[in-house]
Amino acid sequence: MRFFGPEEVAIATERPFQLVDVTDRIAAVVATSGLAAGSAQVWCPHTSCGLAVTEMEDGLHADVEALAERLAPIDGDYVHDDLARRHQNLEPDERRNGWSHLRALLLTAPTVVVPVVAGGLALGQWQRLFLVELDGPRRRRVSVQAWGRAGTPDGA
């Protein structure tokens, strides 16, 4: 069994809500692992964004954004944003973003595990891996670790 990583991938988001396709960047990291077969784990260490596997289709992405707004509206009243009541995990430049944390809990995962087959990510025909930004624009990062059987993609 061979272990690889963690390897960090930096991502700069451009909008408050954005699905950033990171599939090719993660696949490139996995390709350097030397694994022929195994698993790749992608970890997002942020609480106001997360990971999702879905298809690259603009209408679907608009639907996800609309769903997020229905579930946790930006103009909602969130205890997280009430700095008179909140006393934990405060930063000097604390921003109002209660909705983004709720959206991350409801719509994304902090970790995605993808099979590695023939040296590459074994995603379905339409599947892509996305960082789902819910509180941007920001500088984000994800971490990639992989494990499995070393060798060439043809099994040699």
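Residue Glu8 forms a salt bridge (Lys or Arg N to Asp or Glu O under 4.0 Å) with just one option from Arg139, Arg25, Arg141, and that option is Arg141. The residue from Asp82, Asp81, Leu83 that alone fulfils the side-chain contact (heavy atoms from CB on, under 4.5 Å) condition with Arg96 is Asp81.
Residues Trp147 and Gln41 have side chains in contact (heavy-atom distance under 4.5 Å, counting atoms from C-beta outward). Taking 4.5 Å as the limit, some side-chain heavy atom of Pro110 sits within range of a side-chain heavy atom of Trp43.
Taken together through direct or relayed side-chain contacts under 4.5 Å among Ile, Leu, Val, Met, Phe, Trp and Tyr, Val132 and Val142 form parts of separate hydrophobic clusters. Val144 and Ile11 fall within a single hydrophobic cluster, where Ile, Leu, Val, Met, Phe, Trp and Tyr are joined by side-chain heavy atoms under 4.5 Å apart, directly or via other members. Val22 and Phe17 fall into different hydrophobic clusters, where Ile, Leu, Val, Met, Phe, Trp and Tyr are joined by side-chain heavy atoms under 4.5 Å apart, directly or via other members. A continuous path of Ile, Leu, Val, Met, Phe, Trp and Tyr side chains, each step under 4.5 Å between heavy atoms, connects Ile26 with Val53, placing both in one hydrophobic cluster. In this structure, Leu129 is a member of the same hydrophobic cluster as Phe4, with clusters built from ILVMFWY side-chain heavy atoms closer than 4.5 Å.
Checked by atom type and distance alone, the side chain of Thr108 never pairs as donor or acceptor with a backbone atom of Ala52 at under 3.5 Å. At distances below 3.5 Å, not a single donor-acceptor pair connects side-chain atoms of Arg138 with backbone N or O atoms of Glu133.
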### Query
Yes or no on side chain to side chain contact (heavy atoms under 4.5 Å, CB included) for Glu94 and Asn89, after CA distance, side-chain angles and deciding distance?
CA-CA 9 Å; Glu94 191 67 35; Asn89 306 326; over 6 Å; no
#### Entry: Verdict with supporting geometry, Asp135 and His101, side chain to side chain donor-acceptor pair (under 3.5 Å)
CA-CA 9 Å; Asp135 190 29; His101 293 281; 5.8 Å; no
### Message
Val114 vs Leu123, test: side chain to side chain contact (heavy atoms under 4.5 Å, CB included). Steps then yes/no.
### Response
CA-CA 7 Å; Val114 180; Leu123 292 167; 3.8 Å; yes
### Task
For the pair Phe3 and Gln145, evaluate side chain to side chain contact (heavy atoms under 4.5 Å, CB included) and give the outcome as yes or no after the intermediate values.
CA-CA 8 Å; Phe3 295 92; Gln145 291 182 292; over 6 Å; no
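Closest approach of Val117 and Ala122 over heavy atoms only: CG2-CB, 3.7 Å. In terms of heavy atoms, Ser39 sits closest to Val116 at C-CG2, 3.9 Å. The minimum heavy-atom distance between Leu107 and Ala68, with the atom names listed, is CD1-CB, 3.5 Å. Looking at every heavy atom in both residues, Arg70 comes nearest to Pro73 through O-CD, 4.1 Å. Smallest separation of non-hydrogen atoms from Leu102 and Ala72: CB-CB, 4.1 Å. Counting all heavy atoms, side chain and backbone alike, Leu131 lies closest to Cys44 at CD1-SG, 4.0 Å.
To the nearest 0.5 Å, atoms CZ (Arg103) and CD (Glu65) are separated by 7.5 Å. Distance check, rounded to the nearest 0.5 Å: CZ of Arg86 to NE2 of His80 gives 4.0 Å. Note that OG of Ser100 is 12.0 Å distant from NE2 of His46, once rounded to the nearest 0.5 Å. Atoms CG and CG, on Leu71 and Leu105 in that order, are 12.0 Å from each other to the nearest 0.5 Å. In this structure, CG on Leu51 lies 13.0 Å from OG1 on Thr54, to the nearest 0.5 angstrom. Here CD of Gln18 is found 5.5 Å from OG1 of Thr13. Values are rounded to the nearest 0.5 Å.
Using the six-membered ring where Trp is involved, His61 and Phe130 have ring planes that are perpendicular, over 60° apart on the 30 and 60° scheme.
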